[in-house]
Q: 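If you scroll down you'll find the structure; I have some questions about it.
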Amino acid sequence: MDFTISMLETGMRYEGFLLVRSADQREGKTGGKYLDMNLTDKTGEVNCKLWDGTVPPPPQGSVVKVRGLVQEYNGRKQLRIEKMRLAVDSDGVDLSLLVPCAPEAPDAYRARIEYTIECFQSEDLKKVVREMLRLAGDNLEWFPAAQRLHHAERTGLLHHTCSMLNTAEHIIQAYPFLHGDLLRAGVILHDLSKITEMKSDELGNVTDYTREGLLIGHLVMGVAKLHEAAKNVGVTGEIVVLLEHMIISHHGIPEYGSPKPPMFPEAEVLNWIDTLDARMNEMEGIMARVPAGAFSEKIWSLDRRLYHPHYGDDAE
């Protein structure tokens with residue numbers, strides 16, 4: 001039986017092929033060198049240690065065959081690698097088993113977004129949103145939504161966007177006073193500049209943040225790109241300012257990166273559904289790895305452990 005990362009338990013021995021998310025050579029307290037790596041398959045990611053300073057770190061995005069023992073460190077599973085080598089063509093590795101991917105194809109997500117735009121009542125909104133998508137380019141087909149957390153998968157940015165659009169439709173029905181097309185436009189545009197914030201290969205593997213990503217960030221870059229797009233298509237006026245505000249405020253508070261809080265209803269809703277979708281995606285992945293009736297390890301992004309309920313099955 002081939003074990004996936006989601007099936008790993010402390011004390012288990014593991015041997016198999018994994019994708020290199022990151023790999024660095026580090027120095028321990030006693031001066032000895034070791035490899036610190038994060039390896040992944042489509043079900044999750046595990047931190048790995050190889051206590052051999054003579055082994056160079058494998059390239060990010062490469063596939064390695066590893067053998068070792070699953071341990072626990074600071075409440076998190078860790079793989080202590082005893083043997084490792086790069087995969088070769090004759091291994092016949094199926095990359096689809098190693099690369100986390102969105103559940104639908106890029107074309108399906110793009111069709112959903114295009115249908116949404118086509119239904120806009122405002123021609124100005126149509127022009128600006130379509131121009132922003134044009135400026136985003138073909139990378140949108142495979143770009144992830146994050147390096148580590150929610151929707152950190154191939155085509156994750158489109159997955160995140162369409163999931164938020166689904167939620168937005170329910171909220172628009174619940175609160176009819178909202179300007180529905182403005183909210184839909186904000187959803188489509190809010191994270192597009194992640195494409196220039198992060199460095200990712202076509203497998204959706206983010207290796208680092210770009211210089212602009214570290215110095216400026218996708219919120220401010222998004223506002224600048226929107227200004228460019230609106231100018232390109234000749235759209236001016238309040239609608240542009242509203243969209244810019246939605247982009248720059250969608251993280252909600254300064255501690256999360258927004259220099260301005262949401263200051264009108266559609267911006268407030270955008271912040272909440274962005275947070276909700278990110279957390280539900282992360283929790284869905286955790287529930288898939290944790291057996292019913294058990295607690296997860298501490299999730300650092302949520303600052304708590306999660307419990308997987310039995311949901312009505314017989315349990316004490």
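All values below were derived from every heavy atom in this structure, side-chain atoms included, with hydrogens, water molecules and symmetry-related copies excluded. Computed from a prediction, not measured in an experiment: that's the story for all the values here.
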Q: Has D91 got a side-chain atom pairing as donor or acceptor with V93's backbone, closer than 3.5 angstrom?
A: no
Q: How is the hydrophobic cluster of M221 composed, in terms of its other members, when Ile, Leu, Val, Met, Phe, Trp and Tyr link through side-chain heavy atoms under 4.5 Å apart, directly or indirectly?
A: L215, I216, V220
Q: Between D124 and S122, do the side chains contain an N or O donor and an N or O acceptor separated by less than 3.5 Å?
A: no
Q: Run the salt-bridge test on K231 and E228 with the 4.0 Å N-O cut-off and return the result as yes or no.
A: no
Q: Tell me if a side-chain donor or acceptor on T210 pairs with a main-chain N or O of T196 at a distance below 3.5 Å.
A: yes
Q: Are any non-hydrogen side-chain atoms of I5 and L18 less than 4.5 angstrom apart?
A: yes
Q: Applying side chain to side chain donor-acceptor pair (under 3.5 Å), can you list everything that pairs with N47, at least two apart in sequence or on another chain?
A: D36, N38, K49, Q78
Q: Measuring from Q60:CD to D24:CG, what's the distance to the nearest 0.5 Å?
A: 7.0 Å
Q: Which residues pass the side chain to side chain donor-acceptor pair (under 3.5 Å) test with T10, sequence neighbours left out?
A: E72
Q: Run the side chain to side chain donor-acceptor pair (under 3.5 Å) test against D303 and tell me which residues pass, sequence neighbours left out.
A: K298
Q: Does E141 offer a backbone N or O that forms a donor-acceptor pair with the side chain of T155 under 3.5 Å?
A: yes
Q: I need the full list of ring pair (Phe, Tyr, Trp, His ring centres under 6.0 Å) pairs touching residues 76-108, with sequence neighbours left out, sorted by first then second residue.
A: none
Q: Show the nearest heavy-atom pair for residues T167 and I273, with the distance to one decimal.
A: CG2-CG2, 3.7 Å
Q: Consider side chain to side chain donor-acceptor pair (under 3.5 Å). Of D107, T161, N166, which one does R112 pass it with?
A: N166
Q: Closer than 4.0 angstrom, basic N to acidic O: yes or no for K126 and E123?
A: yes
Q: Ignoring hydrogens and angles, tell me if any N or O in the side chain of R154 forms a donor-acceptor pair with the backbone of W142 under 3.5 Å.
A: no
Q: List the atom of H160, the atom of D277, and the distance in Å for their closest heavy-atom pair.
A: ND1-OD2, 2.6 Å
Q: With sequence neighbours excluded, tell me which residues meet ring-ring contact (aromatic ring centres under 6.0 Å, His included) with Y34.
A: W51
Q: Please name all residues satisfying salt bridge (charged side-chain N to carboxylate O under 4.0 Å, His left out) with E131, sequence neighbours left out, ordered by chain then number.
A: R134
Q: Spell out, as yes or no, whether a donor-acceptor pair under 3.5 Å connects the side chain of S200 to the backbone of F143.
A: no
Q: Would you say the side-chain atoms of D89 pair up with the backbone N or O of G92, donor to acceptor, closer than 3.5 Å?
A: no
Q: Is the backbone of I247 close enough, under 3.5 Å, to the side chain of H250 for a donor and an acceptor to pair up by distance?
A: yes
Q: Using modelled atom types only, decide if a donor and an acceptor are shared between the side chain of N281 and the backbone of H150 within a distance under 3.5 Å.
A: no
Q: Name the atoms and distances for all side-chain donor-acceptor pairs under 3.5 Å in residues 261-269, with sequence neighbours left out.
A:
unit_1, atom_1, unit_2, atom_2, d
E266, OE2, H179, N, 2.8
E268, OE2, W272, NE1, 2.8

Q: Any Lys/Arg nitrogen of K42 or E153 sitting under 4.0 Å from an Asp/Glu carboxylate oxygen of the other?
A: no
Q: Would you mind listing the cluster partners of Y307? Hydrophobic ones only (ILVMFWY), side-chain contacts under 4.5 Å, chaining allowed.
A: F295
Q: Is there a donor-acceptor pair closer than 3.5 Å between any side-chain N or O of K199 and the backbone N or O of D208?
A: no
Q: Using the test ring-ring contact (aromatic ring centres under 6.0 Å, His included), find all partners of H251 that sit at least two apart in sequence or belong to another chain.
A: H218
Q: State plainly whether the residues R184 and D181 are in salt-bridge range, i.e. N to O under 4.0 Å.
A: yes
Q: Where is the tightest heavy-atom contact between L219 and I248, given as atom of each residue plus distance?
A: CD2-O, 3.3 Å
Q: What pairs with R13 under side chain to side chain donor-acceptor pair (under 3.5 Å), at least two apart in sequence or on another chain?
A: E82
Q: Could you work out, with ring-ring contact (aromatic ring centres under 6.0 Å, His included) as the rule, every residue matching Y109, not counting sequence neighbours?
A: H159
